[in-house]
Chemist: 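Pasting a structure here, questions to come.
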Amino acid sequence: MRCAITECKDYTERELIGALERIISNSEFPDVRGKTVFIKPNILSDSSPEKAITTDYRALEALMIILKEHGSGGIIVGDSPGTQTGKLSVAMSGIGEAVSRQGAALQDFRESNRTHEIDGVKIPMAKALDEADVVISFAKFKTHQLMSATGAVKNMFGTIPGLNKSPLHFRYRTPETFASFLMKIFAECHVDYAFIDAVIGMEGPGPGSGTPRHVGIMMGSANAYALDRAEALMMGYPSVPLIETAEKLSPGITDAEFPLLQPSDLIMYDYRRIGEGKKNTFRSLVLGTIKNFFTRNGSGRPRPVFDEDKCRACSRCANVCPAKALRIEDGHVAFDKKKCISCYCCHEMCPFDAIKV
């Protein structure tokens with residue numbers, strides 16, 4: 001299969017449609033004529049586009065325009081953030097209005113799902129997976145505290161509604177076992193094609209607390225694993241847990257041809273990867289090493305650190321913690337370090353950047 005990577009300077013409609021059409025014509029894009037298409041963007045939280053936390057609504061809308069031009073019979077868009085307890089919110093991100101403008105259907109997975117069995121456990125997943133003829137993952141180019149990078153494969157973890165994700169982090173505690181589980185979820189989703197929005201990506205402590213960075217690229221392939229491998233390489237990672245696990249379980253799964261740009265020519269050596277600070281100074285290296293030594297748990301991974309000045313006691317971290325290591329007491333986070341499994345769900349979901357690793 002082919003993995004198409006092309007320049008996309010900004011989020012103007014002309015630039016986006018041009019980039020997406022180049023990708024589609026240079027890869028094995030599915031025939032959507034007369035078919036219902038389900039697009040799964042990354043909506044980690046309903047945040048403004050400038051924060052680069054979600055798949056940009058303009059990129060999503062450009063894809064919907066193209067799908068309609070290619071004769072699709074209907075479009076479903078949906079996601080379910082890990083902390084979702086009420087109705088799906090997509091107003092601040094702009095995704096709600098984009099879906100409405102294009103006459104697509106917005107599906108809330110908490111309200112519309114069916115059960116799948118994986119490893120003997122019954123797991124609710126989006127009903128759209130069964131209603132659609134074509135499934136597309138539209139991820140965001142971002143780092144991830146536990147998995148180093150998050151891409152098209154992990155994006156489909158969001159088909160599991162809301163807080164149903166938390167117990168799964170407790171069941172699959174290491175990056176390797178979680179990667180293996182993500183592969184099983186991805187297989188259940190029967191994804192036909194995947195895009196990664198890398199016009200503006202995120203570096204540093206992603207996927208929710210990092211810093212936006214202009215990358216100027218759009219990526220797409222029918223092989224999501226090849227796409228994620230290219231993303232990791234562009235970020236400067238020699239490898240990431242998902243790709244290592246995938247290649248171990250299915251050798252050759254990430255292989256692809258690159259008819260347009262080569263990922264090896266797009267490596268950003270100064271990209272802030274997980275565990276790397278803004279400046280690679282002696283002081284930051286020494287203090288970081290000492291701090292991590294004293295905050296590591298039995299897994300060998302560092303525990304999260306809570307900033308009381310930034311914390312607003314919103315309870316999101318406590319609600320999402322699969323190990324029940326957090327609770328809110330007297331307006332502060334009470335942290336039971338012995339229970340912590342270093343899954344970093346709390347860090348991922350904190351809206352105030354009050355949790356560091």
Side-chain angles (χ1 to χ4, degrees), residues 44-45 47 53 80-86 110 118-124 142-150 154 157-158 160-182 185 204-210 240-242 245 274-275 277 287-357:
L44 176 66
S45 63
S47 305
I53 291 175
S80 183
T83 56
Q84 185 190 354
T85 55
R110 291 183 72 249
I118 299 176
D119 291 342
V121 178
K122 293 183 178 180
I123 301 172
K142 297 194 295 182
T143 50
H144 190 277
Q145 196 68 54
L146 179 65
M147 304 303 289
S148 298
T150 181
K154 187 182 181 301
F157 185 49
I160 300 173
L163 294 173
N164 290 283
K165 300 180 186 68
S166 292
L168 298 169
H169 277 284
F170 193 76
R171 183 180 177 91
Y172 305 96
R173 300 188 185 190
T174 68
E176 293 74 25
T177 56
F178 190 57
S180 177
F181 172 69
L182 289 176
I185 287 292
S209 301
V240 295
L242 176 66
T245 302
I274 293 301
L287 291 181
T289 301
I290 293 173
K291 178 181 175 183
N292 282 343
F293 178 81
F294 285 107
T295 57
R296 288 181 189 277
N297 63 9
S299 69
R301 301 191 303 276
R303 295 189 184 97
V305 177
F306 298 83
D307 186 334
E308 292 190 0
D309 292 333
K310 290 184 177 181
C311 178
R312 297 293 180 269
C314 68
S315 298
R316 286 194 183 185
C317 59
N319 291 338
V320 79
C321 179
K324 307 300 179 187
L326 305 173
R327 63 185 185 279
I328 304 299
E329 289 185 355
D330 300 323
H332 298 285
V333 176
F335 180 27
D336 187 338
K337 294 180 180 179
K338 292 182 180 179
K339 290 184 178 180
C340 178
I341 61 172
S342 293
C343 65
Y344 310 127
C345 289
C346 57
H347 170 271
E348 183 172 337
M349 296 300 172
C350 179
F352 305 108
D353 193 23
I355 304 173
K356 305 293 184 183
V357 178

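Counting begins at 1 with the first residue of the sequence.
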Chemist: Rounded at 0.5 Å granularity, tell me how far CD1 in I123 sits from CZ in R171.
Modeler: 8.0 Å
Chemist: Can a donor-acceptor pair be found, under 3.5 Å and without considering hydrogens, that links the side chain of S342 to the backbone of P302?
Modeler: yes
Chemist: Taking all atoms of both residues into account, what is the closest heavy-atom pair of G331 and A313, and its distance?
Modeler: O-CB, 3.6 Å
Chemist: Under 3.5 Å, is there a donor-acceptor pair between the side chain of S315 and the main chain of A318?
Modeler: no
Chemist: Is it the case that the side chain of K165 and the backbone of F157 share a donor-acceptor pair, with hydrogens and angles ignored and the cut-off at 3.5 Å?
Modeler: no
Chemist: Between K310 and D353, is there a salt bridge with N-O shorter than 4.0 Å?
Modeler: yes
Chemist: Please name the pair of heavy atoms, one in T177 and one in Y172, separated by the smallest distance, quoted to 0.1 Å.
Modeler: OG1-C, 3.5 Å
Chemist: Nearest 0.5 Å, what's the CG-NE2 distance between L242 and H144?
Modeler: 11.0 Å
Chemist: Can you tell me how far CZ of F181 sits from CG of L168, rounded to the nearest 0.5 angstrom?
Modeler: 4.0 Å
Chemist: Can you see which heavy atom on I341 is nearest to which on P322, and at what distance?
Modeler: CD1-CG, 4.1 Å
Chemist: Distance check, rounded to the nearest 0.5 Å: C350 atom SG versus D307 atom CG?
Modeler: 9.0 Å
Chemist: Using a 4.5 Å cut-off on heavy atoms from C-beta on, say whether the side chain of V333 contacts that of I328.
Modeler: yes
Chemist: Is there side-chain contact between P351 and S45, with heavy atoms separated by less than 4.5 Å?
Modeler: no
Chemist: Checking the side chain of K339 only, and the main-chain atoms of A323 only, is there a donor and an acceptor separated by less than 3.5 Å?
Modeler: no
Chemist: Does the R303 side chain pair with the main chain of C340, one donor and one acceptor, at a distance under 3.5 Å?
Modeler: no
Chemist: Just verifying a value: how many Å separate S209 OG and Y344 OH, rounded to the nearest 0.5 Å?
Modeler: 14.0 Å
Chemist: F178 versus K154: any side-chain heavy-atom pair under 4.5 Å?
Modeler: yes
Chemist: Side chain of T150, backbone of K142: donor and acceptor closer than 3.5 Å?
Modeler: no
Chemist: Run the numbers on C311 and F306 for side-chain contact (heavy atoms from CB on, under 4.5 Å), then give the verdict.
Modeler: CA-CA 8 Å; C311 178; F306 298 83; over 6 Å; no
Chemist: If you look at every heavy atom in P241 and M147, which pair is closest and at what distance?
Modeler: CD-O, 3.5 Å
Chemist: Could you state the interatomic distance from CD (E348) to NE2 (H169), rounded to the nearest 0.5 Å?
Modeler: 6.0 Å
Chemist: Can you give me the closest heavy-atom contact between S47 and I53, atom names plus distance?
Modeler: OG-CD1, 3.6 Å
Chemist: Whether the side chain of T245 engages the backbone of S180 through a donor-acceptor N/O pair (distance < 3.5 Å, no angle test) should be reported.
Modeler: no
Chemist: Return the minimal non-hydrogen interatomic distance between L44 and P207, and the atom names on each side.
Modeler: CD2-O, 3.5 Å
Chemist: Just by distance, do the side chain of S166 and the backbone of C321 share a donor-acceptor pair under 3.5 Å?
Modeler: no
